[in-house]
Amino acid sequence: MKPTYGRVSRYGLIAFASSLDQIGPFARSVDDAAITLSLMAGFDPLDATSSDRPGLEVLNNSAGGVKGMRLGVPREYYDVKGIEPGVKAAIDAALFILRNAGAEIVDVSLPHTDYGLAAYYIIAPAECSSNLARFDGVRYGLAEVDAANITDEYLQTRRKGFGTEVRRRVMLGTYALSSGYYDAYYLKAQKVRTLIKRDFDEAFKKCDAIVSATSPTVAFPIGSKTQDPLSMYLCDVLTLGGNLAGLPGISVPCGTSDGLPVGLQVLGPQWGESVVLRVARAYEEASEIRTGVASPSPLQGRG
Amino acid sequence: MGSWEVVIGMEVHVQPKTKTKMFCGCAVAPLNAAPNTYVCEVCLGLPGVLPVPNRAAVEACLKTALALNCDIPRHTKFDRKNYMYPDLPKGYQISQYDLPMSVNGLLEVGSRKVRIRRVHLEEDTGKLIHAGDQLHKAWESYVDLNRAGVPLMEIVSEPDLRSADEARDYAMELRTLLRAIGASEADMEKGQLRAEPNISIRRAGTEQLGVKTELKNINSFRALHRAILYEVDRQAKVLESGGAVEQETRGWSEPEQRTFPQRSKEYAEDYRYFPEPDIPPLELDRAWIEDLRRGLPEMPSVRRARLLEQLPAAQVAVIGADKDLADLYETAVANGAPALPTANWIVNEVAPTGKLVSPRSLAELMKLLQGGAVTRDQAREVYLESVETGRTPAEIVAEHGYAQLSDESELRVLAEAVIDANPKAAADYRSGKKQAMQALMAELRKRAPHANPKVANELLLKLLG
Ligand SMILES: [Zn+2]
């Protein structure tokens, strides 16, 4: 689950993209996620972006069911480019279950979805390039570099300490913030971000929560897309919008495709965690799908 | 020759008076604290930390902006200025870029109206100590992060100053103002006020600005003045010999009394500014701003105008430049102290030492001095003792039996004894060497420090005449 941006203090979290980073619980059931979140959430004087806003009455409200709720299905998400038929089938089944549980399924639109990926991959690397600058080897880190001067020490430390994907993002972000490119990239990406937020504001006038697949495809083999980062980034296309808008969201298991799990994403309005949890719990109950992962036996020791 | 017009803009960094640093709970390190003893995970820039702005620093900055007649926008934000240097723990400095805390101010310095472009808030960096004088050439460098994260206000003027004198007076006026409103101690020697002039010259009567240089490492008003004079002269020589001034940053060397190139424009960094995502934009509440505006004390320029109605310009220049001295003067006079003698006392005895008594004590002492109860030398001793012990001058005078000896019969006995003991000086005086009187007076005061000098002098003259 990803709570609303600002719901959980980021103090102590190593920053990747500060305006997007948000801590959320992983759990085996929606109730566990709700309980964990209620303990993590709240204002922290050490995080100026954290908040004490209400909307967390999850323990009381999440059991309320979806009867009478309007659930929006954004057509840009439902028919997203590259969605696998098995994933689509699993989502159709989930929508059927939710309708049977008493929810009204309504069409909504998030017209700027296509630009979300581009905006995200400018904003996140830009912030990342700045956040990772402190890993320079001066105060801690890789002390074994043999450098002739400080610039050389920076270069060697960072080349050695960061992996390919991290270096790629630092380069992208540095480029996007450079003078002469800032307006064309970073500033434009921020404008897109505002438009995406507005899309959601409009959509939430017509529905209480938004439902979609969490990813257009099921999991790919580790390392299979390393050479093609763009196709890897495309897996995030359905979650980036909610992330850019700072909205709360959850992914719950909704069956499988080709034997691999498919996720149902529920997005709520800002500070609307209780709505998100309520829909997720209602689906979990109606579908009788649990994580399928048994609790690990305490008797795993090898003697 | 001699037809150059000097154009100067000033960037002044001021450390506001706060207990803690800009974005963490660390106390602001005192001067000469052991290295890296005033630091925490936030100002060390460790992974996972976040900045939280210091309200007292924001308030000091807003007060300064209001005192400088600036406009305060409704919204302001912090930005990241990205560059890598070992004294910058996070790899970026939190500063303000396109929405500063305030804009469009004005400060009058003498007859010159200096426009203030902006006053914004940022954090200081750490300090590097090199074995050698340059980072890239040193074989070893040390980092002290005590200053990292200390709040700084940056006050940027338009290029409205026209001479080294004006630039120095501008910096001094800023100091007076900052102290008057309690925003900063603004002590240049302690690095609480750092002035960096931008200097260019152009032919008198032309509009086009010349190429400017920026001067750094200036740590006194005197150095500021000299550095500008040097730089103007240097630029004039370059231009007059057919050369071109290079846009660059130059350092001031105090031992050599000259400026030297530090960084040329070709190395100008691309700071990749972007809004600081860890701090939400600040909404500057109008009621808060109005409260701060109402809370501002009388401005130094207004006070100076009032002092000029009672005192000569020379005394006002000293007393009007320092809030504590002006307070002492005005309250002492309100307590019955005579105006001009009190002003002179403050200029000659108080300003050079910075040792202040209560205005009531000063008023008492000035009355004792004027009434002839103590000599000037005694008054000085009484003053210092009053500073140290906090006791009133009347108590101290009574205890020391300082009350001045003005009794003529007693003084006559003394004067006769002095003449008897110094026949040569007496003879010299009688033969026309008037300066011999000084030796006799000195001898008399050695025997009786509390002797009223005026009466004693008259008696000696009479006895020798
Ligand atoms: Zn600190």
Side-chain angles (χ1 to χ4, degrees), chain A residues 5-6 9-21 23 44-51 122-124 126-141 148-155 157-158 170 173-182 185-187 189-190 246, chain B residues 23-25 36 39-55 78-94 97-98 126 128 130 134-143 145 148 268-282:
Chain A
Y5 183 81
S9 167
R10 291 179 294 120
Y11 196 84
L13 175 74
I14 295 181
F16 162 63
S18 311
S19 73
L20 298 159
D21 293 346
I23 303 176
D44 177 358
L46 294 177
D47 179 355
T49 62
S50 69
S51 166
I122 287 168
I123 292 167
E127 292 179 2
C128 158
S129 71
S130 171
N131 283 331
L132 297 188
R134 71 190 61 192
F135 299 97
D136 57 7
V138 171
R139 284 145 302 137
Y140 50 84
N149 57 48
I150 184 70
T151 311
D152 202 26
E153 185 170 331
Y154 286 151
L155 291 173
T157 303
R158 293 169 68 78
V170 169
T174 304
Y175 183 80
L177 289 173
S178 297
S179 101
Y181 299 99
Y182 179 88
Y185 294 110
Y186 188 80
L187 200 63
Q190 290 292 9
Chain B
F23 298 113
C24 64
N36 299 310
V39 292
C40 71
E41 65 272 27
V42 175
C43 54
L44 286 174
L46 297 187
V49 302
L50 296 169
V52 178
N54 180 341
R55 188 183 167 94
F78 289 99
D79 298 276
R80 290 189 186 177
K81 180 180 179 179
N82 293 283
Y83 66 97
M84 289 179 82
Y85 207 65
D87 66 6
L88 189 65
K90 298 187 294 297
Y92 57 85
Q93 179 193 27
I94 304 178
Y97 187 53
D98 54 347
L128 294 181
H130 307 299
Q134 277 182 0
L135 177 61
H136 282 264
K137 289 181 191 155
W139 64 278
E140 224 171 24
S141 295
Y142 298 90
V143 187
L145 294 175
E269 297 251 14
D270 179 355
Y271 292 120
R272 295 181 275 100
Y273 280 101
F274 73 100
E276 167 57 274
D278 289 330
I279 305 171
L282 302 183

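What you see below is based on every heavy atom in this structure, not just the backbone, and it leaves out hydrogens, waters and symmetry mates.
The ring of A:Tyr181 has its center closer than 6.0 angstrom to the ring center of A:Tyr175.
Options B:Pro280, B:Gly25, B:Pro51 differ in how many heavy-atom pairs under 4.5 Å they form with chain A, and the most are formed by B:Pro280. Counting heavy-atom pairs closer than 4.5 Å to chain B, the top-ranked of the candidates A:Thr174, A:Leu20, A:Asp136, A:Leu132 is A:Thr174. Among B:Cys24, B:Pro275, B:Pro277, the residue making the largest number of heavy-atom pairs under 4.5 Å with chain A is B:Pro277. Ranked by non-hydrogen atom pairs under 4.5 Å with chain A, the options B:Leu44, B:Val143, B:Val49 are led by B:Val49. With respect to chain B, the highest number of heavy-atom pairs below 4.5 Å among A:Ser18, A:Ser179, A:Ser130 belongs to A:Ser130.
Taking 4.5 Å as the limit, some side-chain heavy atom of B:Phe23 sits within range of a side-chain heavy atom of B:Ile279. Using a 4.5 Å heavy-atom threshold, the side chains of B:Glu276 and B:Tyr92 count as touching. In this structure, the side chains of B:Tyr273 and B:Asp98 stay at 4.5 Å or more apart for every pair of heavy atoms.
Judged purely by distance below 3.5 Å, without hydrogens or angles, the side chains of A:Asp44 and A:Ser50 never pair a donor atom with an acceptor atom. If you check the side chains of B:Glu41 and A:Tyr11, you find a donor sitting under 3.5 Å from an acceptor. A:Tyr5 and A:Arg10 share a donor-acceptor pair across their side chains, judged by distance under 3.5 Å alone.
Using a 4.5 Å cut-off between heavy atoms, B:Asn82 touches chain A through its side chain atoms alone. For B:Leu145, the part lying near chain A is the side chain, with the backbone staying farther off; criterion is any non-hydrogen pair under 4.5 Å. For A:Ile14, the parts sitting under 4.5 Å from any heavy atom of chain B are the backbone and the side chain alike. Proximity to chain B is absent for every atom of A:Asp21, based on heavy atoms less than 4.5 angstrom apart. Neither the backbone nor the side chain of B:Tyr271 comes within less than 4.5 Å of any heavy atom in chain A.
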